[in-house]
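Protein chains get the first letters and strands the later ones, always in sequence-line order, with residue 1 at the start of each.
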Amino acid sequence: MFDVIQDSLLTLRDVKVQIRTDEGVVQAVDGVNLSVARNRTLCIVGESGCGKSMTARAITNLVTSSNKSLSGEVLFTRVNGETLDLAALDPKGPEIRRIRSGEISMIFQEPMTSLSPVHTIGNQIGEAAQLHFGEGKDAARARTIEVLGRVGIPNPSQRVDAYPFQLSGGMRQRAMIAMALVCRPQLLIADEPTTALDVTTQAVILDLMKELQAEMGMGLIFITHDLGVVAEIADDVAVMYLGRVVESGPVDEIFHDPKHPYTRSLLQSIPRLGARGTGQRLKSIEGIVPHPFDRPKGCSFHPRCPSFMPGICDSSDPPATSLASDRQVRCHLYGEDGSERTVAPVVSRSPISSPDTAGPTTGATTPAGGTLIEARNLQMHFPVTSGRRRRRARSVVKAVDGVELEIRQGETLALVGESGCGKSTLGRSLVRIYDPTGGEVLYHESEGAVTDLVPLTHKQMKPYRRDIRMIFQDPHSSLNPRMTVLEIVGECLKLYGVEDGKGMRRRVAELLQTVGLRSEYMSRYPHAFSGGERQRIGIARALALNPRLVVADEAVSALDVSVQAQILNLMKDLQEQMGLTYLFVAHDLSVVEHISDRVAVMYVGKIVEVADTDTLFARPRHPYTEALLSAVPKPDPRLRGSGERVRLSGEVADPANPPSGCYFHPRCPYADGDRCSRETPVLQDVEGGGRVACHHADKLDLAGVALDDQVA
Amino acid sequence: MSDQTMTHEMTGSGRSEDAATDSPQRRQAAGQWQLIWWRFRKHKLAVVGGIVVGMIYFVALFAEFLAPWLPNEHATRYTYAPPQSVNFFLSDGDGWTFRPHVNGFKVEIDKVALRRNFVVDEEQVIPIGLFVKGKPYELWGLIPMERHLFGPLDPEEPMYILGADRLGRDVLTRIIYGTRISMSIGLVGVFLSLTLGILLGGISGYYGGFIDDIIQRTIEFLRAIPTIPLWMGLAAAIPLTWPPLGVYFTVTAILSLIGWTGLAREVRGRFFALKTEEFIPAARLDGNSELRIIVRHMVPSFASHIIATMTLAIPSMILAETALSFLGIGLRPPVVSWGVLLQEAQNVRSVATAPWLLWPGAAVVVAVLALNFLGDGLRDAADPYTS
Amino acid sequence: MLRFIGRRILQVIPTLIIISIVSFVIIQLPPGDYLDTLAATMAEQGDTIDRELMAALEKRYGLGDPVYVQYWKWITGIVTRGDFGMSFEWGRPVSQLIWDRFWFTLIISISTLLFIWAVALPIGVYSAVRKYSIGDYIATLFGFIGLAIPNFLMALVLMYWSFKYFGQSVGGLFSPEYVSAEWSWGKFVDLLGHLWIPVIIIGTAGTAELIRVMRANLLDELSKPYVETARSKGLTERRLLIKYPVRVALNPFVSTLGWILPAIISADAVTSVVLSLPTTGPLLLRSLLAQDMYLAGSFIMLVSVLTVIGTLISDIMLAWLDPRIRY
């Protein structure tokens, strides 16, 4: 791992970005040292607000503006061997523009907004080529078509005239990559390029980037918050916290021998695919990333640090310590010579947010009871009204199209699929936010009576709403900003006549304590809380009426990993305490594997596979499930390239105009040309438990996730 | 999830509220209106606008008392008398004494042009004072009074601080009385528009679909018609024989007939924006009835926006009334509004003789400016949860 | 694109029909029908009206018929023969009176529109790019004041000044020697020399408004990620500004044509009265005051049609500029 000749392409020395605001100066990037070599990939990783993106923008000095300034050195070795300090160049001058146009390119997170909506992609890509090579329109166009083909856009000579809104998310990101690569840069900086994409598309894009890097021999700086992606693509890793690199080194060492407590905690807080069965709680990091204004004194991580040493960590800034030539850490635990101090953490506070010992480590599955709620041939069709005026024929989007699903008392059923597959719609149809257009939702009351909820009016629904509650995805828009926490959580108590006045206050206080918030906070408004705290309020609201079923719609996907772990632990604890049943709608399979007992996989409005979590992850029966599992990046660099690689081609089918036969057949590697394209498969029981909708379920032997040495 | 959110927060005004008064602790427990007020307060121009608007409505409310004369009190002797300046000190040979006064006029007949020229007569001192007894009036048509805020001590003597018009009526008095009509026509008109706008915009935004389409087409149609010619057409159809109050309300109704479209769009837009907010379905799940969702969750969310839009709609009402009355097809004398007053200045000859007839125009400009500043500040502060 | 234009033109037709109905209602609003008024006016002037003519007119406009028949005769007369009815005050067909004035309205409106765009676009761009600079503050202040001054007041003040300092009136569109002269180069130049005054007066409010629109739009666009993308491609600041954010911000700018044109025509009506310009405004006012309703209704209809066509053009331009609408 240390054999690399440090043919450094780019070196950052003490780079700082200051932002002046009305309140004072913020150090968004606070003395970053980094270096990346040709043909190597450096991943910068960290939670939101730690200055990753700003660092990326500092390299070609896109930051300097009326209220931001850059200092430090950005040393870049040009093709001709000359080394330039980019930070010293005029941020609008010709030299830096020459570098930007040809030698260092960038890819941004959101391909839709990062491309101009009113210019064709060919125009935007060709422009870079024209600028750099000084060639004419036709030559630039030919080059554009060539590079579009190279990044895997089908039909490039036609697509070159497409506008961004005419392309799918994955295609747009390919166009962005084409734009960055058209001039064959020395260094490519990618800022969360796959965050906005589905996991299947992400896998394809990551493969493509690796391939292109190998082909062009460029350096790559890849910014992400996803440790799985890091393990998948990085050669070297830099972990950032509050504007500083706290640890850096080769990827294998970072994952298998992390030195900084922050790196350790981050790695422990992510659920690992395949690490199931241990029944472990996730180890979360206490608290949240503070705003750079409130940067703690001394080591900025010390308030959240499990190895906090009073008198040292809170008083002085830890220096950067070199453990090896390519390994640095910034922590007081390490002496100047790199030796680890033996001081045991003196603080009595527990390193992990809630005590590890509390909450019996439950078995992998809670004993599932009888049926609680089931969907039978459930349909939710929306009329198409997109566009400015209604389009020609009245077509419908079959967001939920004949779903059969059963949720059992006391279990956690996860509902997964790519975006647009209808999983959220299904969840919302069950709680009757949407009024299903067909089928039945049979609810089994605790006394045994069974009611179909679909034909009920909103008034008739009211008694059932006490039992079926929901946690929303967006902790910001799901809490009315104009109401206090007391009003938000207490409203349902009042409206159902459970509690009012003093009793309501008492109950709300109780609920807040249950979800880990201080009860004094109830007179505050939502804007006073962080994302994770708001999600706790949302959970308190869902629990106020002692529900039986809670639909959690992507409840943790808007949160940072450390906070996500806190919320997942809380949800597990509450399930045990209150005997809750969860329908957990999610797209992150690692999270799903961690929390759920059973999993239902959805594709274009239909359930394609349902099975026990262990069974489904170990031995998927549907090709789509296999592809989803295969696409999830494994947070361990040693597993890179192991296992079967299934990559899906094409796009998720349009639910307004689905393909014939099996909806999945155009993307399916196992589809036969005949039956799959004519006959729609139905959900059938297969041996080993579970149900699958695939014509070839019996014959296929599909790869799951290996349950091997990851628990280490 | 990305750093972009962070940089946005830091560059925006997310954390830049006054640290002095609204400390983090206070902010956390602060409700919507408190936050709006804190944010509004930082727009100095808007605050000034608010104060001026307040003063103008104060004038409108107490017009009878604040005006030195009665609006239709005429004196042909003083036709087109020029403005007098108010002096506070009087020189009596060996020093200055505090004695507020204006100077009287000398009239010279211009034999060639056959008209009278007023010359301020330094000799003639007309002492003025506060709370003087003047012509009796009834405040709000109810309370008989005869004290005016200020005026000449002897009510028989002339005082024309902003000059006199064709009939020797005091321009200042008439502007003060005009405030009442002009400012109230803005308010009443906006309330009429608001009723229509909230009703139709609300229906449009809440139900969407087909109804929304029809209402939107209607709005598009109304907005495509040039307003002044249409108003002119409608206003001209008001019979001359109608009583002033009838004309007043008809004109207001005509103005709001067009004015509601802007408010309806705003309300509809708010409804649509709220549809993407998750707290509305959450409220439904909490057992709120549809009515309660509207009243308890939706209305508070856009009340501040509606107030801002209303404030910004008043100026256009005022301008429209002024234009119509100026053309002679809006309000008519004896009603006194700024537009009616400006009608006096319709031809360049009378303006050349008595440029002070343009003073009502200044009142219009000040009122409209102040309302625009106020409305702009309110609009910026209306959503305290975004930065 | 052609499909879009076709569809958009079809959508205009109902609007035009409604406009004609509204105009007709305005014509019908005053009590008594047209012939009563005509007869009364004639009698006032000591003329008696020819019975035959009366009968002919009655038949032509269907005055004895139900209202919808009258409307039908009126509108078909306009569409097929260009017959807008008679102006009793002038005793001449409306069509003879309106066209001259209509062209002047058109000239002034278009010139004002061009003036507004030419002034507001660069100032708006400057104001957004140099946010919070002195120039921005001046532009903003100008914007507020421009919106607050009623245009007739501005016309009055301007007239007063020119009367006071130059001893002459600024009214009219021509110098006295050209008023009734044939069209010639000299007359055209003379027109240009007079045109700028009403154009500025009418255009001030619109300019103020559009500067604010442009500034706000461009500020929105400047913070969009695609600007950063363009910068990271190595474009010069000026080039990227013009090619991307200004280009995108131009869309809402063009769509303002839809509401700025009605505003211009409104302002033109009032301003023309003060400056006594030979446009539709003064004649419309006069016809309204005299309840010469066929004339008034025709004017209202024509200017409304003009704005509808303007909106149509702006929509087509917008589609041409913005692919998201076209597809």
Side-chain angles (χ1 to χ4, degrees), chain A residues 53 56-57 59-67 91-120 123-132 161-166 176 179-180 182-183 185 189 191 387-389 392, chain C residues 1 3-4 6-8 10-12 14 128-133 136 217-255 258 315-327:
Chain A
S53 290
R57 283 160 174 75
I59 294 171
T60 51
N61 200 351
L62 294 172
V63 290
T64 301
S65 67
S66 57
N67 65 338
K92 290 179 180 173
E95 294 95 347
I96 191 87
R97 275 191 278 114
R98 211 168 299 133
I99 302 281
R100 284 179 196 156
S101 76
E103 302 184 37
I104 303 179
S105 316
M106 284 193 78
I107 302 175
F108 297 95
Q109 175 175 354
E110 229 325 311
M112 184 72 210
T113 50
S114 299
L115 290 167
S116 156
V118 297
H119 297 90
T120 62
N123 178 339
Q124 298 181 61
I125 298 169
E127 178 184 52
Q130 281 182 20
L131 266 172
H132 181 62
D161 292 322
Y163 289 94
F165 66 91
Q166 293 171 313
M176 274 299 284
M179 185 156 81
V182 70
C183 302
I189 305 167
D191 184 9
R388 296 202 317 148
R389 306 273 155 82
R392 299 137 239 166
Chain C
M1 186 71 189
R3 278 183 61 132
F4 175 84
R7 200 171 65 222
R8 199 59 196 76
L10 282 182
Q11 279 169 2
V12 164
V129 175
R130 299 258 183 282
K131 194 181 166 191
Y132 302 139
S133 67
D136 179 28
N217 285 333
L218 190 56
L219 280 178
D220 270 4
E221 295 300 328
L222 281 175
S223 62
K224 295 254 171 90
Y226 67 79
V227 179
E228 195 166 48
T229 309
R231 193 169 289 133
S232 78
K233 272 193 281 189
L235 264 68
T236 59
E237 286 298 310
R238 172 183 287 268
R239 169 119 192 253
L240 81 89
L241 183 71
I242 291 170
K243 178 164 179 187
Y244 295 105
V246 171
R247 170 72 179 69
V248 178
L250 218 54
N251 295 349
F253 199 68
V254 166
S255 65
D315 272 13
I316 292 172
M317 273 167 69
L318 198 61
W320 175 67
L321 271 180
D322 192 337
R324 286 167 296 184
I325 295 173
R326 209 180 321 152
Y327 291 102

With a 4.5 angstrom heavy-atom cut-off, is it the side chain or the backbone of [X] that approaches chain C, or both, or neither?
| X | value |
| --- | --- |
| E110(A) | neither |
| S105(A) | neither |
| L115(A) | backbone |
| M176(A) | side chain |

Distance in Å, [X] [atom1] paired with [Y] [atom2], rounded so as to fall on 0.5 Å steps:
| X | Y | atom1 | atom2 | value |
| --- | --- | --- | --- | --- |
| R238(C) | K92(A) | CZ | NZ | 12.0 Å |
| S232(C) | I59(A) | OG | CD1 | 12.0 Å |
| S114(A) | K224(C) | OG | NZ | 11.5 Å |
| N61(A) | R231(C) | CG | CZ | 10.5 Å |

Just do the ring-ring contact (aromatic ring centres under 6.0 Å, His included) check on H119(A) and Y226(C) with the steps written out, would you?
CA-CA 11 Å; H119(A) 297 90; Y226(C) 67 79; 8.3 Å; no
If I measure from the heavy atoms of chain A, does R239(C) come under 4.5 Å with its side chain, its backbone, both, or neither?
side chain
The interface call for K243(C) against chain A, heavy-atom contacts under 4.5 Å, is both
For chain C, find which of P117(A), A128(A), C183(A) contributes the most heavy-atom pairs closer than 4.5 angstrom.
P117(A)
[X] side chain near [Y] side chain, heavy-atom distance below 4.5 Å:
| X | Y | value |
| --- | --- | --- |
| T229(C) | F108(A) | yes |
| E228(C) | L62(A) | yes |
| L321(C) | V118(A) | no |
| H132(A) | K233(C) | no |

For the pair R97(A) and L235(C), evaluate side-chain contact (heavy atoms from CB on, under 4.5 Å) and give the outcome as yes or no after the intermediate values.
CA-CA 7 Å; R97(A) 275 191 278 114; L235(C) 264 68; 5.8 Å; no
Over all heavy atoms of both residues, which pair between S116(A) and V248(C) is shortest? Give the atoms and the distance, please.
OG-CG2, 4.4 Å
